[in-house]
Amino acid sequence: MKREWWHGKVAYQIYPKSFQDSNGDGIGDVPGIISRLDYLKSLGVDIIWISPIYQSPCVDQGYDISDYYALDPIFGDMDDFKRLLEETKKRDMHVVMDLVVNHCSDQHPLFQKALADPYGPESKFFYFMEGKPDGTAPCNWRSYFGGSVWDKVPGTENLWYLHLFTKEQPDLNWENPELRERVYKMMNWWLDLGLAGFRIDAIVNIKKESNFKDYPADRADGLCTIDYELSEAAGVGEFFADMRDHTYGPRHAFAVAEAFNIKEGELPDYVGDNGYFSSIFDFSTEIMQHTAGGWHTTPKFSATQYRDAWYASQAEMADHGFYCNIIENHDEPRGASRYLPLEGQTDAGKKMLAVTMYMRRGMPFLYQGQEIGMVNQTFTSIDQVDDVNTIDSYQVALQDGLSEKEALQVISDRSRDNARTPMQWTDGKNAGFTEGTPWLGLNENYKEINVAAQDADPDSVLNFYRALSRLRKDARFAETVVYGDFAPILQEKDALFAFYRDRQDPAPEGECASLLVLANAQNKPCSFGIDRDGYDEVVLNNLKEFAKDGRQITLQPWQAVILC
Ligand code: GLC
Ligand code: CA
């Protein structure tokens, strides 16, 4: 595997609307991000990915772009952005932007022109299709956020446009070479400005099953999940390769894809030495909860299933490339709430989760607030929710017969807004996020969980994350942490994480050849024997004590240790 400049780094996702407001309008912005760069640096962050800040009507929080060359005024202007690039450069940090090119906003001039002239040249940048002879939509696919993927082009008899997400997010037609050229030009424009790369949104969706055929309905609405057509759509790789070769590829920029539904055997094409992308996110633990039935049919899983899911990804990826490892992002509930049972949602439990994420092979990709152990919100009314996906999932739960109370519990567990509540900086007014009224309600626990308190406490979750980042860059351990093979043991033991990270080359004098990572994800102690001698030096421990006698080890509830 070729070595790349970003392999040893730590990355961090910023959800700009909720990170730091600088001007009192209740919305986070670019000057706010700049004011927090030193904080990010202190956390060991090298790469920041900023969710979309382009001009947008914000129907899907910026994932509906109406001008790809401008910042939305709520976030600042181009001068602010250039200042961000300078300030990050000074700190040896890199900025990655969201690339949302499966669709744009219905307010984008190109789509507006297409609507004005539905058979004219601009319509070819989208999917405009005749409906069925009986006047219904071309096919029965359900959009990700509910309802048909088709909406009628206003003023036409039976002409429809495609949108896999909301109706305000028309899909761009990648079959049109002119569209591709425009996208590449835009990407290069940003790269020339000094971007380090892109996080590429919903990219597997750019290729559609070419016949737009119906599939068997899987809910009472008569529609079916897009997964069916995705599994039949062929040739998306050609689009990816073309995009890479015209943009980030030759520049060695970083490209991490939001890629679900990768087909059997195709992983090396995605992330190998000549892969379409630099990396992809490991969504294996998230996927455990995917269901066609909606959020209220989400299956539960155990700590062991959680472990086995990402162990399997590690094994699959081993010879090919590097995952970006996550426990949460802006589309998911908080990792601490999702992956730890209530009794484990303590500082010890959160630190344990951090160890299991940081010590995998791949690049740790934090999400804002994760480093202080932010947890889910409890929604007591649907009015507290902004997210389109949550509102739809709430309705689906009600239609399926859940009570209001039950449906609110479902969204409290699953809502994307769990991750989107404002960042908790202090225990002061609005958690130090804004002087004004926050655009989305704060999690009421900010008095206990906030950066200021944890910064001052050497035993805090925040300082533990800092220690993990330092370990990744420590000359003695870096090679092992970043490139060491992942070798699990003791998989027969429930809720126990136990794996070696073994250097492939002989370690030079003074460097560590192998680490043993242990974590006990349960509320009772766990005893076991390991199969190697040594590992007597404790490199990191989330508790004060540690019991090891030769090869015999006992971990306390939620204990995590890293041994050398
Ligand atoms: C991706 C984004 C999500 C957005 C969707 C449509 O999944 O992460 O936030 O709603 O794409 O752009
Ligand atoms: Ca603001």
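Counting convention: from 1, in listed order, for ligands and their atoms alike.
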Part of Arg199 with heavy atoms under 4.0 Å of ligand 1, whether side chain, backbone, both or neither:
side chain

Counting heavy atoms only, which of Asn205, Asp387, Asp60 is nearest atom 6 (C) of ligand 1?
Asp60

N/O donor-acceptor pair under 3.5 Å between Glu328 side chain and Gly335 backbone
yes

Closest to atom 5 (C) of ligand 1 among protein heavy atoms sits Phe165 CE2, 3.6 Å

Give the residue and atom name of whichever protein heavy atom lies nearest to atom 7 (O) of ligand 1, and the separation in Å to one decimal.
Glu258 OE2, 2.8 Å

Plane angle bin for Tyr339 and Phe301 - parallel if under 30°, tilted between 30 and 60°, otherwise perpendicular
tilted

Checking heavy atoms under 4.0 Å, the part of Tyr15 that sits near ligand 1 is neither

Is a side-chain N or O of Glu258 found less than 3.5 angstrom from the main chain of Arg199, in a donor-acceptor match?
no

Side chains of Asp282 and Ser284: is there a donor and an acceptor less than 3.5 Å apart?
yes

For the pair Asp151 and Lys167, find out whether any cationic side-chain nitrogen is under 4.0 Å from an anionic carboxylate oxygen.
no

Does Asp387 come within less than 4.0 Å of Arg414, counting only side-chain N to carboxylate O?
no

Sub-3.5 Å donor-acceptor pair from the side chain of Trp174 to the main-chain atoms of Val101, do we have one?
yes

The protein heavy atom nearest to atom 1 (C) of ligand 1 is Asp201 OD1, 2.6 Å

Could you work out, with ring pair (Phe, Tyr, Trp, His ring centres under 6.0 Å) as the rule, every residue matching His7, not counting sequence neighbours?
Phe322, Tyr483

Quick one: salt bridge (charged side-chain N to carboxylate O under 4.0 Å, His left out) pairs with a partner in residues 16-28, sequence neighbours left out?
none

Can you run down the salt bridge (charged side-chain N to carboxylate O under 4.0 Å, His left out) pairs that involve residues 230-248, sequence neighbours left out, and say none if there aren't any?
Arg180-Asp242, Lys213-Glu232

For atom 9 (O) of ligand 1, closest protein heavy-atom neighbour:
Asp331 OD1, 2.6 Å

Would you please determine whether Tyr144 falls within less than 4.0 Å of ligand 1 on a heavy-atom basis?
no

Under-3.0 Å protein N/O/S neighbours of the Ca ion (ligand 2), ordered by chain then residue number
Asp21 OD1, Asn23 OD1, Asp25 OD1, Ile27 O, Asp29 OD2

Does Gln61 reach ligand 1, in the sense of a heavy atom lying below 4.0 Å from it?
no

